[in-house]
Amino acid sequence: MEFAIMGIILVGMVLFMSQSNKKARARAEEHRNSILVVGTDVMTTAGFYGRIVAIDGDAVTLESPSGDETVWSRLAIREQASIPFAPVSEEEAAAEDVAEAARLSASEESGAGAVADNAAGTGAPTGAATPEVTGHVTPRSTDSAFGEKKDESGSAWK
């Protein structure tokens, strides 16, 4: 009699827990489907941040901040999230812009000088061949039981 009561309580607990797990999964799936809209910024389970640009069945195409597009599984989308860039003050942004402009102008000037040197015949010849590298390359293998790599002489290298 006591075992029957314990068995009934145990079965009731298992049924209750499975129902609550089903409800939680259904809510998570509903939430995931609500954020899967073209133009939404999301984060994947791998930590990749991107904007949804296309959805085709279970395949979701994400665009990275650099403009590259990659295809992910619908289940890999974790949450709606913007890219967590570090905050930059107005002064820092202005200083970075000035430094970038100075770097660009310096590289343009050095590039123009090299072109002028080559035109005048004072620079390096444009058709100069690179020297050929010769030497013996020792083949290596992983014959050791512990994965240490060894060369032909048997000495371990890392």
Side-chain angles (χ1 to χ4, degrees), residues 1-111 130-158:
M1 180 68 170
E2 295 154 3
F3 291 115
I5 293 174
M6 293 294 276
I8 291 172
I9 291 174
L10 182 63
V11 169
M13 287 177 49
V14 168
L15 289 175
F16 176 74
M17 289 173 51
S18 68
Q19 288 296 326
S20 62
N21 285 341
K22 285 180 185 177
K23 288 179 184 178
R25 278 190 301 243
R27 278 189 301 245
E29 183 67 24
E30 183 180 319
H31 176 67
R32 182 179 298 120
N33 289 335
S34 70
I35 66 170
L36 286 176
V37 178
V38 174
T40 304
D41 291 333
V42 295
M43 182 179 76
T44 66
T45 54
F48 178 81
Y49 288 91
R51 175 171 286 136
I52 298 175
V53 293
I55 301 171
D56 186 15
D58 284 339
V60 178
T61 304
L62 298 180
E63 180 183 30
S64 70
S66 64
D68 298 329
E69 292 185 356
T70 55
V71 180
W72 295 77
S73 168
R74 174 184 291 264
L75 298 175
I77 306 300
R78 183 179 197 178
E79 61 188 25
Q80 183 175 359
S82 296
I83 301 172
F85 288 119
V88 178
S89 68
E90 294 288 327
E91 295 81 21
E92 288 174 315
E96 287 177 8
D97 290 342
V98 169
E100 180 71 15
R103 186 186 61 78
L104 287 175
S105 66
S107 67
E108 287 174 1
E109 288 173 7
S110 67
T130 58
E132 185 177 326
V133 177
T134 60
H136 177 69
V137 178
T138 306
R140 297 183 170 141
S141 64
T142 55
D143 294 334
S144 171
F146 296 104
E148 287 182 353
K149 298 180 179 181
K150 297 184 181 243
D151 61 12
E152 287 177 341
S153 66
S155 62
W157 59 279
K158 297 193 184 225

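In this chain, numbering begins with 1 at the start of the sequence shown.
Closest heavy-atom contact between G67 and E63: CA-OE2, 3.8 Å. The minimum heavy-atom distance between I77 and R32, with the atom names listed, is O-NE, 3.4 Å. Closest approach of L62 and V42 over heavy atoms only: CD2-CG2, 3.7 Å. Nearest heavy-atom pair, A59 versus V71, reported as atom, atom and distance to 0.1 Å: CB-CG1, 3.8 Å. Pairing each heavy atom of P84 with each of Y49, the nearest pair is CD-CZ, 3.5 Å. Across T45 and L75, no two heavy atoms sit closer than the pair CG2-O, 4.3 Å.
In this structure, R78 contributes its side chain and G47 its backbone to no donor-acceptor pair below 3.5 Å.
For the atom pair CG of N33 and CD1 of I55, the computed distance is 9.0 Å after rounding to the nearest 0.5 Å. The CD atom of E108 sits 10.0 Å away from atom CZ of R103, with the distance rounded to the nearest 0.5 Å. Atom CG of residue L36 and atom CD of residue Q80 lie 10.0 Å apart, to the nearest 0.5 angstrom. Note that CG of L10 is 9.5 Å distant from CG of L15, once rounded to the nearest 0.5 Å. In this structure, the separation between CE on M13 and OG on S18 is 12.0 Å, given to the nearest 0.5 Å.
No more than 12 heavy atoms of other residues, nucleotides or ligands shown are found within 6.0 angstrom of CD on E90. Around CG of D56, the count of heavy atoms belonging to other residues, nucleotides or ligands within 6.0 Å does not exceed 12.
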Between T70 and T61, does the side chain to side chain contact (heavy atoms under 4.5 Å, CB included) criterion hold? Intermediate values first, please. CA-CA 6 Å; T70 55; T61 304; over 6 Å; no
Salt bridge (charged side-chain N to carboxylate O under 4.0 Å, His left out) between E30 and R27, worked out: CA-CA 5 Å; E30 183 180 319; R27 278 189 301 245; over 6 Å; no
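I83 has its side chain out of reach of D41: every pair of non-hydrogen atoms, C-beta onward, lies at least 4.5 Å apart.
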